[in-house]
**Q** 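Pasting a structure here, questions to come.
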Amino acid sequence: MANLGGTFDATQVEPNGTYEVIPPGDYVAQITSSEMQDNSKKDGAFLKLELEILDGDQAGRKLFDRLNLVNQNAQAVEIAQRTLSAICHAVGVLTVADSEDLHLRPMAVKVKVDPERTVNGKTYGPSNSIGGYKPVPDNVQPMQAQAQRSGFTQQTQQQAAKPAGLPWKRAG
């Protein structure tokens, strides 16, 4: 049992909606937070990224990525470094000492939907992953300050909703 420190009245709080995956496609997003975390075995660490979509019907939705920058598996580290390089190129910051230097800088991300899977007897529904990072296409010129606060202007949202013809390839 856990004492809540008072009485909770669910009639006063809007319940969470159901979780729906973000449809696959190309979106303009920005990193809103990041931190290094130890892996579960405590023998490595990953950079945990939280991104926010800035455009279209999915504006405000969150995406997450993990980059295994410290790992005993050299291939995992190489993939993480290549992905970090793709992010750096996408936002135009080519040398980074602190991941915060990558925050609030719009970039194009390719969102994928991973199918339902079963791990150790537990079934997990479909989920999103990021399939690649690229600079925002030239035909989409968001105002940086507005993008950082609340997404793009309506005209730019319409232009950015689905940038076409982007050559996507996961860095790694």
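The analysis underlying the following values was restricted to heavy atoms, covering all of them including side chains, and did not include hydrogens, waters or symmetry mates. The model shown is predicted, which means the values in this text are computed figures rather than measured ones.
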**Q** Less than 4.5 Å apart, any side-chain heavy atom of I31 and any of M107?
**A**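 The answer is yes, as the side chains (C-beta and beyond) meet within the 4.5 Å cut-off.
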
**Q** Ignoring hydrogens, what is the shortest heavy-atom contact between P106 and V91? Give both atom names and the distance.
**A** O-CG1, 4.2 Å

**Q** Can a donor-acceptor pair be found, under 3.5 Å and without considering hydrogens, that links the side chain of N128 to the backbone of K112?
**A**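 Yes; at least one donor-acceptor contact below 3.5 Å.
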
**Q** Taking only residues two or more places apart in sequence or in another chain, which ones pass salt bridge (charged side-chain N to carboxylate O under 4.0 Å, His left out) with E35?
**A** none

**Q** Is any side-chain heavy atom of S34 closer than 4.5 Å to a side-chain heavy atom of L102?
**A** no

**Q** Are the side chain of D65 and the backbone N or O of L49 linked by a donor-acceptor pair below 3.5 Å?
**A** no

**Q** Is the count of non-hydrogen atoms from other residues, nucleotides or ligands lying under 6.0 Å from D57 atom CG greater than 12?
**A** no

**Q** Where is the tightest heavy-atom contact between M36 and V70, given as atom of each residue plus distance?
**A** CE-CG2, 4.5 Å

**Q** Atom CD of residue position Q37 - does it have more than 12 heavy atoms of other residues, nucleotides or ligands inside 6.0 Å?
**A**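 Yes, because the 6.0 Å sphere around CD of Q37 holds more than 12 heavy atoms from other groups.
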
**Q** Suppose clustering is done on Ile, Leu, Val, Met, Phe, Trp and Tyr with side-chain heavy atoms closer than 4.5 Å. Which residues sit in the same group as F64?
**A** none

**Q** Show which residues join V77 in its hydrophobic cluster (side-chain heavy-atom contacts under 4.5 Å, direct or indirect), or state none.
**A**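 When side chains under 4.5 Å apart are linked, V77 ends up in no cluster with other residues.
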
**Q** Are any non-hydrogen side-chain atoms of I79 and N68 less than 4.5 angstrom apart?
**A** no

**Q** Do K62 and E52 come close enough that some side-chain heavy atom pair is under 4.5 Å?
**A** yes

**Q** Looking only at heavy atoms, what is the nearest atom pair of A108 and P137, with distance?
**A**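 Looking at all heavy atoms of both residues, the closest pair is CB-CD, 4.3 Å.
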
**Q** To the nearest 0.5 Å, tell me how far N16 CG sits from E14 CD.
**A**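 N16 CG to E14 CD: 9.5 Å, rounded to 0.5 Å.
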
**Q** Heavy atoms, side chains only, cut-off 4.5 Å: are L69 and Q81 in contact?
**A**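 Yes, side chains in contact.
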
**Q** Drop me the distance from Q58's CD to I53's CD1, to the nearest 0.5 angstrom.
**A**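 Here the interatomic distance stands at 6.0 Å.
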
**Q** Looking only at heavy atoms, which two atoms of C88 and V96 are closest? And how far apart?
**A** SG-CG2, 3.6 Å

**Q** Exactly one of I130, L54, V111 should register a side-chain contact (heavy atoms from CB on, under 4.5 Å) with Y27. Which one does?
**A**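 Of I130, L54, V111, side-chain contact (heavy atoms from CB on, under 4.5 Å) with Y27 is met by V111 alone.
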
**Q** Does any non-hydrogen side-chain atom of F46 lie less than 4.5 Å from one of L67?
**A** no

**Q** In the hydrophobic clustering (ILVMFWY, side-chain contacts below 4.5 Å, transitive), which residues join L94, or is it alone?
**A** none

**Q** Can you list every pair that meets side-chain hydrogen bond (donor to acceptor under 3.5 Å, both in side chains) and has a residue in residues 39-48, with sequence neighbours left out?
**A** N39-D43, D43-Q72

**Q** For the atom pair CD (Q30) and CG (L63), what is the distance rounded to the nearest 0.5 Å?
**A** 12.0 Å

**Q** Tell me, please, which residues at least two apart from V119 pass side-chain contact (heavy atoms from CB on, under 4.5 Å).
**A**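 R117, Y124.
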
**Q** Apply the side-chain contact (heavy atoms from CB on, under 4.5 Å) test between L51 and each candidate in T32, V109, I87; give the one that qualifies.
**A**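 For L51, the side-chain contact (heavy atoms from CB on, under 4.5 Å) check succeeds only for V109.
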
**Q** When rounded to the nearest 0.5 angstrom, what is the spacing between CG in N73 and CD in E78?
**A**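 If we round to the nearest 0.5 Å, N73:CG and E78:CD are 10.0 Å apart.
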
**Q** Side chain to side chain contact (heavy atoms under 4.5 Å, CB included) between F8 and V13: does it pass, once the steps are laid out?
**A** CA-CA 9 Å; F8 177 75; V13 179; 3.9 Å; yes

